[in-house]
Engineer: 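Provided herewith is a single structure, encoded as structure tokens, for subsequent inquiry.
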Amino acid sequence: MTSLAPLAPLGILGGTFDPVHWGHLRLAEEASEQLGLAAVRWIPAGQPAHRHAPQASARHRLDMVRLAIAGNANFQLDDAEVQADTPSYSVPTLQRLREEQGLARPLVLLLGADAFLGLTGWYCWQELFGLAHIAVATRPGNPLDAACLPAALSREYLARQCDDPARLKSCPAGLILPFSITPLDISATRLRESLALGHSPRYLLPDPVLDHISRHTLYSPSPAP
Ligand code: ATP
């Protein structure tokens with residue numbers, strides 16, 4: 001009897017990407033390498049459910065991600081949340097990917113530490129563990145320490161924590177793996193603020209994304225009163 005080789009995990013990177021920046025790209029690249037991912041699926045949120053409305057339209061945010069990941073054969077763009085006319089929630093998105101990928105494929109939801117710290121505010125957050133592993137990347141200013149997590153999340157973290165990326169292949173879902181990436185203290189919020197003040201965001205995000213922002217006057221400086 002031949003045994004099948006374990007399937008390489010699929011990484012999933014959701015976000016508002018308002019706009020996408022080098023912090024997102026390094027997160028995807030380093031996760032891909034360290035966790036042995038088959039690919040990273042980028043899923044821009046159409047109408048993010050857990051935060052204020054984005055400044056750029058869903059279509060522009062999708063286009064910016066497309067420009068940012070162009071040429072990386074390991075990165076895939078998924079426009080389903082942008083096309084949907086309902087708020088974007090991770091649980092139905094992961095259910096869709098589980099159906100698409102089959103029951104055996106490990107799915108790995110990639111989160112920065114700030115997003116993980118807020119997980120208990122997500123719709124049906126405990127269902128996430130039945131659908132995917134969660135890999136939590138370090139992010140400057142957001143220390144990941146079980147003692148700082150809400151009690152319910154701390155319990156899940158302690159029960160599911162895993163330090164060996166090779167274990168992600170051993171089951172399709174349910175582990176929480178913290179991992180370190182190059183600290184890049186870049187945030188979309190600060191990029192929007194800086195653009196609104198007319199400051200240059202160059203070298204904080206890819207040039208084609210910056211060109212798109214200029215061409216469509218996204219995040220433009222507020223007119224003088
Ligand atoms: P905003 O400032 O508007 O909240 P953001 O820069 O945090 O945006 P999101 O689109 O909300 O970007 O982030 C998508 C995912 O990428 C989240 O899991 C977030 O934690 C992660 N992420 C964003 N920036 C970084 C960074 N510099 N380092 C590590 N992870 C990051």
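Just follow the structure's listing: the first ligand is 1, and inside any ligand the first atom is 1. Counting from 1, the numbers follow the sequence of the chain as shown.
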Engineer: Report the distance from atom CH2 of Trp125 to atom CG of Leu128, rounding to the nearest 0.5 Å.
Structural biologist: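 Trp125 CH2 to Leu128 CG: 9.0 Å, rounded to 0.5 Å.
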Engineer: Side chain of Ser170, backbone of Ala166: donor and acceptor closer than 3.5 Å?
Structural biologist: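 Not at all, since once roles are kept as given, no pair shorter than 3.5 Å links the two residues.
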Engineer: Please report which non-hydrogen protein atom sits nearest to atom 28 (N) of ligand 1, along with the residue it belongs to and the distance in Å to one decimal place.
Structural biologist: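 Ranked first by proximity to atom 28 (N) of ligand 1 is Arg139 CG, 3.7 Å.
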Engineer: If you count the atoms of ligand 1 from 1 in the order shown, which ones are under 4.0 Å from a heavy atom of Leu111?
Structural biologist: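 So the atoms of ligand 1 that pass are 18 (O).
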Engineer: For atom 2 (O) of ligand 1, find the nearest protein heavy atom and state the residue, atom name and distance (0.1 Å precision).
Structural biologist: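 Result: Thr189 OG1, 2.5 Å.
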Engineer: Of all the non-hydrogen atoms in the protein, which one sits nearest to atom 8 (O) of ligand 1, and at what distance?
Structural biologist: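 Answer for atom 8 (O) of ligand 1: Ala188 CB, 3.4 Å.
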Engineer: Using a 4.0 Å cut-off to any heavy atom of Phe17, which atoms of ligand 1 qualify?
Structural biologist: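 The list of qualifying atoms is 10 (O).
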Engineer: Hey, what's the ring geometry for His60 with His216, parallel, tilted or perpendicular (30° and 60° as the breaks)?
Structural biologist: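 The arrangement is tilted - the two ring planes meet at 30° to 60°.
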Engineer: Please report which non-hydrogen protein atom sits nearest to atom 18 (O) of ligand 1, along with the residue it belongs to and the distance in Å to one decimal place.
Structural biologist: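 Closest protein heavy atom to atom 18 (O) of ligand 1: Gly112 N, 3.0 Å.
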Engineer: Find the distance between CG (Leu131) and SG (Cys124) and round it off to the nearest 0.5 Å.
Structural biologist: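 Between atom CG of Leu131 and atom SG of Cys124 there are 10.5 Å.
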Engineer: Tell me the protein heavy atom at minimum distance from atom 13 (O) of ligand 1, and give that distance in Å.
Structural biologist: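 Looking only at protein heavy atoms, the one closest to atom 13 (O) of ligand 1 is His24 NE2, 3.4 Å.
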Engineer: Which atoms of ligand 1 have any heavy atom of Ala115 under 4.0 Å away?
Structural biologist: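 Taking each heavy atom of Ala115 in turn, ligand 1 has 18 (O), 20 (O) under 4.0 Å.
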Engineer: Between Ile186 and Trp42, is there a shared hydrophobic cluster once you connect ILVMFWY residues whose side-chain heavy atoms come closer than 4.5 Å?
Structural biologist: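 Yes, Ile186 and Trp42 fall within the same hydrophobic cluster.
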Engineer: Give the contacting part of Thr138 toward ligand 1: side chain, backbone, both or neither, where contact means a heavy-atom distance below 4.0 Å.
Structural biologist: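 For Thr138, only backbone atoms sit under 4.0 Å from ligand 1.
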Engineer: Which residue and atom name correspond to the protein heavy atom nearest atom 20 (O) of ligand 1, and how close is it?
Structural biologist: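 Among all protein heavy atoms, the one nearest atom 20 (O) of ligand 1 is Asp114 OD1, 2.5 Å.
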Engineer: Any salt bridge between Asp79 and Arg66, counting N to O under 4.0 Å?
Structural biologist: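 No salt bridge links Asp79 with Arg66.
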Engineer: Looking at ligand 1, does Asn142 have a heavy atom less than 4.0 Å from it?
Structural biologist: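 No.
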Engineer: Verify, without hydrogens or angle tests, whether His21 (side chain) and Gly23 (backbone) share a donor-acceptor contact under 3.5 angstrom.
Structural biologist: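 Yes: the side chain of His21 pairs with the backbone of Gly23.
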Engineer: What are the atoms of ligand 1, with element, lying closer than 4.0 Å to any heavy atom of Thr16?
Structural biologist: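 It comes down to these atoms of ligand 1: 10 (O).
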Engineer: Report the nearest protein non-hydrogen atom to atom 4 (O) of ligand 1: residue, atom name, distance rounded to 0.1 Å.
Structural biologist: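 The protein heavy atom lying closest is Arg51 NH1, 3.1 Å.
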Engineer: State whether the shortest distance between N or O atoms of Ile186 and N or O atoms of ligand 1 falls below 3.5 angstrom.
Structural biologist: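 In this structure, Ile186 places an N or O atom under 3.5 Å from an N or O of ligand 1.
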Engineer: Has ligand 1 got any nitrogen or oxygen that is less than 3.5 angstrom from a nitrogen or oxygen of Gly15?
Structural biologist: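 No, Gly15 has no N/O under 3.5 Å of an N/O on ligand 1.
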Engineer: What I want to know is whether Gly14 and ligand 1 share at least one N or O pair that is separated by under 3.5 angstrom.
Structural biologist: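 So ligand 1 has no N or O lying under 3.5 Å from an N or O of Gly14.
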Engineer: When you compare ligand 1 with Asp18, is there at least one nitrogen or oxygen pair between them that comes in under 3.5 angstrom?
Structural biologist: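 Asp18 vs ligand 1: no N/O contact under 3.5 Å.
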Engineer: Are the side chain of Glu156 and the backbone of Gln126 linked by a donor-acceptor contact shorter than 3.5 Å?
Structural biologist: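 Pair absent, no side-chain N/O of Glu156 close to backbone of Gln126.
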Engineer: Test your reading of the model: is there a side-chain donor-acceptor pair from Arg61 to the backbone of Val82, 3.5 Å cut-off?
Structural biologist: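 Checked: no pair found.
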Engineer: Would you give the length of the straight line joining atom CG of Leu197 to atom OH of Tyr219, rounded to the nearest 0.5 angstrom?
Structural biologist: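 Between Leu197 CG and Tyr219 OH, I get 15.0 Å after rounding to 0.5 Å.
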Engineer: Are Ile176 and Ile181 connected into the same hydrophobic cluster when the rule is that any two of I, L, V, M, F, W, Y join if their side-chain heavy atoms are below 4.5 Å apart?
Structural biologist: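 No, Ile181 does not connect to Ile176 through the hydrophobic network.
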Engineer: After noting the C-alpha distance and the side-chain angles of Arg215 and Asp63, does the key distance pass the salt bridge (charged side-chain N to carboxylate O under 4.0 Å, His left out) rule?
Structural biologist: CA-CA 12 Å; Arg215 200 165 336 113; Asp63 286 345; over 6 Å; no
Engineer: Give a yes/no on ligand 1: does Arg192 have at least one heavy atom closer than 4.0 angstrom to it?
Structural biologist: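 Within the 4.0 Å threshold, so yes.
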Engineer: Can you pull out the closest protein heavy atom to atom 21 (C) of ligand 1? Residue, atom name and distance to 0.1 Å, please.
Structural biologist: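 Going atom by atom, the protein heavy atom closest to atom 21 (C) of ligand 1 ends up being Leu27 CD2, 3.8 Å.
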Engineer: What's the separation between atom CG in Leu109 and atom NE2 in His133, rounded to the nearest 0.5 Å?
Structural biologist: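 Separation between the atoms: 11.5 Å.
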Engineer: May I ask you to check whether Leu184 has an N/O atom sitting below 3.5 Å from an N/O atom of ligand 1?
Structural biologist: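 Yes: some nitrogen or oxygen of Leu184 is under 3.5 Å from one in ligand 1.
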Engineer: Just distances here: any N/O of His21 and N/O of ligand 1 closer than 3.5 Å?
Structural biologist: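 Between His21 and ligand 1 (N or O atoms, distance only) the closest approach is under 3.5 Å.
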